[in-house]
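The model shown is predicted, which means the values in this text are computed figures rather than measured ones.
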2 protein chains.
Amino acid sequence: MRQFRHPSVSELQVASVLYALSDPVRLSIVRQLAREGEATCAALDGGRPKSSMSHHFRVLRESGIVHTRNDGTSHMNTLRRDDLDSAFPGLLGAILSVPR
Amino acid sequence: MRQFRHPSVSELQVASVLYALSDPVRLSIVRQLAREGEATCAALDGGRPKSSMSHHFRVLRESGIVHTRNDGTSHMNTLRRDDLDSAFPGLLGAILSVPR
DNA sequence: TTGATAGTTCGATAATATTCGAACAATAGC
DNA sequence: GCTATTGTTCGAATATTATCGAACTATCAA
């Protein structure tokens, strides 16, 4: 599969990040990635169709929250913690520390 | 005019707050309120129609970000800083400290 | 009571997002 | 090569949101 474009730190926009995280499905993906470090798309689908998940991963990727790398036929996703912290210090931590 | 309902701290939901703040118009309203303490709706309209602004203030109010009180014929809006800090420590600060 | 002011609510339209099946692409293993 | 697996892309249906004019409500002041 082809490579994805990941926005650079200087391209990150807080409104896009907030928007991406305002969806329950995506917020849940991000919480799991924060806990587990990295995961494939399939590991986080919660029973949803692949095409729906692919959409959500795209939003997370294009807003700069998640990095996706190819690993055989699967895609490994990780949180871009350092990049987010450098662009928006404290933001991700504040969101992730909310219970639930 | 009638009184508005403001959600209590325990009712606040991080996804709703993030959603409300992901809109450029609303984010700009919140930034100005943070700087200026309080303001009427008209003072923050930036030339937009009243009905559009009323919509945005409603979203901010219903997500618990803004408190609106009646003051004669106008509405005074304030940021619910303490409430937000108590529900989501550090979140508002992280967002407001982003330049621009 | 009349008029002006501030903002809400309604209703319609336009723009965006979400959802998901179906078709497709890339890789791994046999 | 064939086949299974993983995930993307496309397309269409649905749902949600934003925008804004028009009508309305409440308050104040003359």
Side-chain angles (χ1 to χ4, degrees), chain A residues 1-7 13-30 32-33 36 38-79, chain B residues 1-7 13-30 32-33 36 38-79:
Chain A
M1 289 169 185
R2 68 179 180 69
Q3 214 70 339
F4 295 111
R5 219 196 121 254
H6 293 90
Q13 288 183 315
V14 71
S16 307
V17 169
L18 297 178
Y19 177 75
L21 294 175
S22 73
D23 180 272
V25 176
R26 292 191 291 263
L27 189 51
S28 151
I29 291 174
V30 167
Q32 292 195 59
L33 285 179
E36 299 165 21
E38 62 176 10
T40 62
C41 300
L44 302 177
D45 66 6
R48 262 167 272 268
K50 300 189 294 178
S51 53
S52 298
M53 293 310 286
S54 194
H55 163 72
H56 288 303
F57 275 106
R58 176 135 93 119
V59 175
L60 289 171
R61 212 158 41 225
E62 293 184 345
S63 63
I65 296 171
V66 154
H67 183 271
T68 307
R69 78 180 150 77
N70 291 358
D71 177 26
T73 64
S74 44
H75 286 179
M76 264 308 184
N77 299 284
T78 50
L79 260 185
Chain B
M1 290 169 187
R2 68 183 180 70
Q3 215 71 340
F4 296 111
R5 218 194 123 255
H6 294 90
Q13 288 182 314
V14 70
S16 308
V17 169
L18 297 178
Y19 177 75
L21 293 176
S22 73
D23 179 273
V25 175
R26 291 191 292 263
L27 189 52
S28 150
I29 290 174
V30 167
Q32 292 194 58
L33 285 179
E36 299 165 21
E38 62 176 10
T40 62
C41 300
L44 302 176
D45 66 7
R48 264 168 272 266
K50 300 190 296 180
S51 53
S52 298
M53 293 311 287
S54 194
H55 164 70
H56 287 303
F57 276 105
R58 176 135 92 121
V59 174
L60 289 171
R61 213 158 40 224
E62 293 183 346
S63 63
I65 297 171
V66 154
H67 182 272
T68 307
R69 78 178 151 77
N70 291 358
D71 178 26
T73 63
S74 44
H75 287 179
M76 265 309 185
N77 299 285
T78 51
L79 261 185

Return the polar atom pairs (N/O with N/O) between nucleotides 16-21 of chain D and the protein under 3.5 Å, or none.
| unit_1 | atom_1 | unit_2 | atom_2 | d |
| --- | --- | --- | --- | --- |
| D/dT17 | O3' | B/Y19 | OH | 2.5 |
| D/dA18 | OP1 | B/Y19 | OH | 3.3 |
| D/dA18 | OP1 | B/R26 | NH1 | 3.2 |
| D/dA18 | OP1 | B/R26 | NH2 | 3.0 |
| D/dA18 | OP2 | B/H55 | NE2 | 2.7 |
| D/dT19 | OP2 | B/H56 | NE2 | 2.6 |
| D/dC20 | OP2 | B/S52 | OG | 3.4 |
| D/dG21 | N7 | B/S51 | OG | 3.0 |
| D/dG21 | O6 | B/S51 | OG | 3.1 |

Report task. Rounded to the nearest 0.5 Å, what's the gap from CG on B/N77 to OG1 on B/T40? Could you check? Result -> 7.5 Å
Query raised in the report: Less than 4.5 Å apart, any side-chain heavy atom of A/V14 and any of B/L27?
Result: yes
Query raised in the report: Nearest of C/dT27, C/dT5, C/dG7 to any side-chain atom of B/C41?
Result: C/dG7
Query raised in the report: A/D71 CG to C/dA28 P: how many Å, rounded?
Result: 9 Å
Query - Ring centers of B/H75, B/F4 separated by less than 6.0 Å - result: yes
Report summary line: Whole-Å distance, A/Q3 CD to D/dT9 P, equals 12 Å
Query - Nearest-angstrom distance from the residue atom CZ of A/F4 to C1' of D/dT9 - result: 10 Å
Report task. Indicate whether OP1 or OP2 belonging to C/dT8 is found under 4.0 Å from a side-chain N or O atom of B/R61. Result -> yes
Report summary line: note: B/M76, atom CE; D/dT27, atom C1'; distance rounded to Å ~ 15 Å
Requested in this report: For A/R69, enumerate each residue passing the salt bridge (Lys or Arg N to Asp or Glu O under 4.0 Å) test, keeping only those at least two apart in sequence or located in another chain.
Outcome: A/E38
Requested in this report: Side-chain contact test, heavy atoms from C-beta onward, threshold under 4.5 Å: evaluate it for B/T78 versus B/V66 and give yes or no.
Outcome: no
Requested in this report: Check whether any side-chain heavy atom of A/D45 lies under 4.5 Å from a side-chain heavy atom of A/K50, and answer yes or no.
Outcome: no
Query raised in the report: If you check the A/H75 side chain, which of C/dT9, D/dG7, C/dA6 turns out closest?
Result: D/dG7
Report summary line: In whole angstroms, the gap separating P of C/dA23 from NZ of A/K50 amounts to 13 Å
Query raised in the report: Would you say B/T73 reaches C/dT5's phosphate, i.e. side-chain N/O to OP1/OP2 under 4.0 Å?
Result: no
**Report entry** Whole angstrom value for the distance that separates P of D/dT8 from CZ of A/R5
**Finding:** 17 Å
Query raised in the report: A/L44 CG to D/dT6 P: how many Å, rounded?
Result: 14 Å
Requested in this report: Provide the closest heavy-atom pair for A/R26 versus A/A20 in the form atom of the first, atom of the second, distance.
Outcome: NE-O, 2.8 Å
Query raised in the report: How long is the line joining CZ of A/F57 and C1' of D/dT8, in whole Å?
Result: 13 Å
